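For the numbers below, each heavy atom of this structure counts, side chains included, while hydrogens, waters and symmetry mates do not. From a predicted model like this one, the values you see are computed outputs, not experimental measurements.
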Amino acid sequence: MQRPSFVAITSIAASAILLSACSKKEEAAPVAAEPAVAEAPKTIDPAKFLKQPLVSEIYTADPSAHVFNGKIWIYGSHDIDAPAQEGDGGAFVMRDYQPISMDSINGPATVHPVALDIADVPWAGRQMWAPDAAEKDGKYFLYFPVKDKQDVFRIGVAVGDNPAGPFKAQPEAIKNSFSMDPAVFKDTDGKYYMYFGGIWGGQLQRWKSGEYKADDDSQPPNDEPALLPFVARMADDMLEFAEKPKAVKIVDENGKLLLSSDHDRRFFEASWVHKYKGNYYFSYSTGDTHFIAYAMGKSPYGPFTYKGKILEPVLGWTNHHSITEVDGKWYLFYHDSQNSNGATHLRNIKQPVEIQYNDDGTIQTIDPYQEDPPAAPAAPAAPAAPAA
Ligand code: FUB
């Protein structure tokens with residue numbers, strides 16, 4: 001199914017109107033040209049979408065789904081409609097987290113009260129982005145990226161006795177943490193690993209030298225390997241890394257690292273790891289090409305070999321997901337901007353969709369639309385406005 005026109009429409013609306021997520025152009029690698037004129041938001045027929053918004057009373061994004069005590073818990077960003085701030089990804093000005101729970105995969109979803117507010121994180125400056133959570137020995141750990149008071153993304157952890165929170169933030173960020181989009185994976189041997197990182201607005205490029213350089217937003221040249229996400233095993237107390245973070249290699253079928261120019265396949269943000277039939281799957285967003293891609297490996301540290309796409313582009317600039325087993329089936333959780341008619345910074349988590357594995361362990365690509373892309377509606381309409 002082809003949808004060039006719709007992808008173009010959504011990308012245009014997103015990037016032109018909304019100062020898109022992580023939208024800074026790289027120096028070396030080519031990116032799609034941005035339109036000169038902003039288009040009005042489009043009202044899209046709900047029937048076009050494969051799945052509907054999970055909740056609509058608030059804007060939600062970046063779903064990290066887990067099963068805790070037999071219930072599905074989703075930890076995501078809480079998007080708000082507020083003036084964009086300075087810098088790449090400045091439209092994402094989120095300030096708190098509200099977990100969502102479901103008793104069953106097709107059942108209704110409950111939005112819980114604020115479980116962590118930026119005001120209660122002593123070291124935080126601005127922009128609470130995509131979180132994740134983990135459970136160990138009856139305690140719940142909420143991992144979150146936020147810029148510190150020097151405007152550097154760090155990853156924090158807050159602890160609670162209940163999956164709904166409230167969570168109490170540690171007084172400082174996790175030592176040696178940097179960049180954003182933490183995802184915590186529990187291996188079958190009981191060890192936990194955090195994956196993290198994101199380029200452009202996620203600041204990963206500023207750490208190329210191993211130290212933070214605020215004025216270096218360049219990406220590697222086109223013919224050099226792309227920047228890589230990082231992984232670190234968690235300490236027993238789940239509050240710190242047990243080791244120095246290591247780069248996660250994503251390679252092609254010949255074992256070569258994906259190149260900086262390879263925007264269709266290279267890592268951008270939104271790390272997630274799951275394990276199925278003994279294989280580790282590292283999945284991620286390709287950012288400016290808007291795919292959820294995945295790579296397979298034999299160890300939680302990688303290397304991971306690129307295998308393909310799990311999800312085609314959705315409505316809105318960002319694409320961010322998680323993959324979780326519920327009652328013996330595997331589901332993709334993702335978001336788009338259906339409720340705001342395409343506003344990239346006002347997203348909604350969607351109902352989960354079951355993923356299908358092929359016999360060789362590869363995953364079938366999901367199209368987030370029911371049918372061919374909708375034509376632009378005749379008259380632009382104001383975005384729907386759930387309460388922030
Ligand atoms: O929600 C803010 C940022 O947008 C996330 O951290 C990225 O993954 C992208 O979804």
Side-chain angles (χ1 to χ4, degrees), residues 11-29 31-35 38 59 61-62 76-97 117-119 121-131 144-156 173 177-182 196-209 211-220 226-227 229-230 260 263 267-271 284-290 316-320 335 337 340 343-347 388:
S11 299
I12 285 167
S15 57
I17 299 171
L18 295 164
L19 321 169
S20 76
C22 310
S23 58
K24 163 140 185 169
K25 289 201 174 125
E26 294 170 275
E27 286 183 354
V31 294
E34 292 201 10
Y59 289 114
D62 307 325
S77 299
H78 173 193
D79 286 355
I80 51 173
D81 197 5
Q85 298 175 354
E86 188 197 343
D88 294 339
F92 296 95
V93 295
M94 300 85 98
R95 301 186 57 82
D96 60 38
Y97 297 108
D117 190 290
I118 197 165
V121 180
W123 53 273
R126 62 179 181 134
Q127 295 182 291
M128 286 186 129
W129 284 12
F144 57 94
V146 66
K147 287 178 181 166
D148 66 15
K149 296 192 193 299
Q150 286 71 47
D151 231 24
V152 180
F153 261 122
R154 304 276 180 188
I155 297 167
S177 71
F178 53 93
S179 197
M180 40 62 111
D181 284 5
F196 61 93
I199 64 173
W200 296 16
Q203 300 183 341
L204 189 58
Q205 66 280 351
R206 297 183 180 181
W207 294 90
K208 286 190 294 284
S209 66
E211 285 178 9
Y212 183 74
K213 298 217 165 106
D215 54 358
D216 183 0
D217 275 323
S218 66
Q219 298 295 321
L227 293 177
F230 280 79
S260 186
H263 288 216
F267 171 79
F268 190 102
E269 63 188 3
S271 298
Y284 57 97
S285 168
T286 61
D288 57 324
T289 49
H290 316 288
W317 199 96
T318 66
N319 206 347
H320 190 127
H335 70 222
S337 295
S340 66
T344 275
H345 68 309
L346 297 176
R347 301 161 292 180

[X] side chain to [Y] backbone, donor-acceptor under 3.5 Å:
| X | Y | result |
| --- | --- | --- |
| Ser285 | Ala270 | no |
| Ser337 | Gly316 | no |
| Ser260 | Pro220 | yes |
| Thr344 | Trp317 | yes |
| Lys208 | Gln219 | no |

Minimum heavy-atom distance [X]-[Y], with the two atoms named:
| X | Y | value |
| --- | --- | --- |
| Met180 | Pro145 | CB-CB, 3.5 Å |
| Gln127 | Gly89 | NE2-O, 3.0 Å |
| Ser177 | Ile155 | OG-N, 3.1 Å |
| Val93 | Ile80 | O-CD1, 3.5 Å |
| Ser218 | Gln205 | O-CB, 3.5 Å |
| Met128 | Asp117 | CE-C, 4.2 Å |

Can you name the salt bridge (charged side-chain N to carboxylate O under 4.0 Å, His left out) partners of Arg95, sequence neighbours left out?
-> none

Excluding sequence neighbours, so at least two apart, what forms salt bridge (charged side-chain N to carboxylate O under 4.0 Å, His left out) with Asp181?
-> none

Set of residues satisfying side-chain contact (heavy atoms from CB on, under 4.5 Å) with respect to [X], sequence neighbours excluded:
| X | answer |
| --- | --- |
| Asp151 | Arg126, Lys147 |
| Lys213 | Ser209, Asp215, Asp216 |
| Ala61 | Ser77, Asp79, His335, Arg347 |
| Ser179 | Leu204 |

Return the orientation label for the Tyr212 and Trp207 ring planes: parallel under 30°, perpendicular over 60°, tilted otherwise.
-> tilted

Take His290 and Asn319 through the side chain to side chain donor-acceptor pair (under 3.5 Å) test and state the conclusion after the steps.
-> CA-CA 6 Å; His290 316 288; Asn319 206 347; over 6 Å; no

Side-chain contact, heavy-atom cut-off 4.5 Å: [X] with [Y]?
| X | Y | answer |
| --- | --- | --- |
| Trp123 | Arg154 | yes |
| Ile199 | Glu269 | no |
| Thr318 | Phe92 | yes |
| Val152 | Phe178 | no |

Gln203 and Asp88: CA distance, side-chain angles, deciding distance, side-chain contact (heavy atoms from CB on, under 4.5 Å) verdict | CA-CA 9 Å; Gln203 300 183 341; Asp88 294 339; over 6 Å; no

Just by distance, with hydrogens left out, do Asp96 and His78 show a side-chain donor and acceptor under 3.5 Å apart?
-> yes

Set of residues satisfying ring-ring contact (aromatic ring centres under 6.0 Å, His included) with respect to Tyr97, sequence neighbours excluded = none

Which of these passes ring pair (Phe, Tyr, Trp, His ring centres under 6.0 Å) with Phe153: Phe196, Trp129, Trp200?
-> Trp129

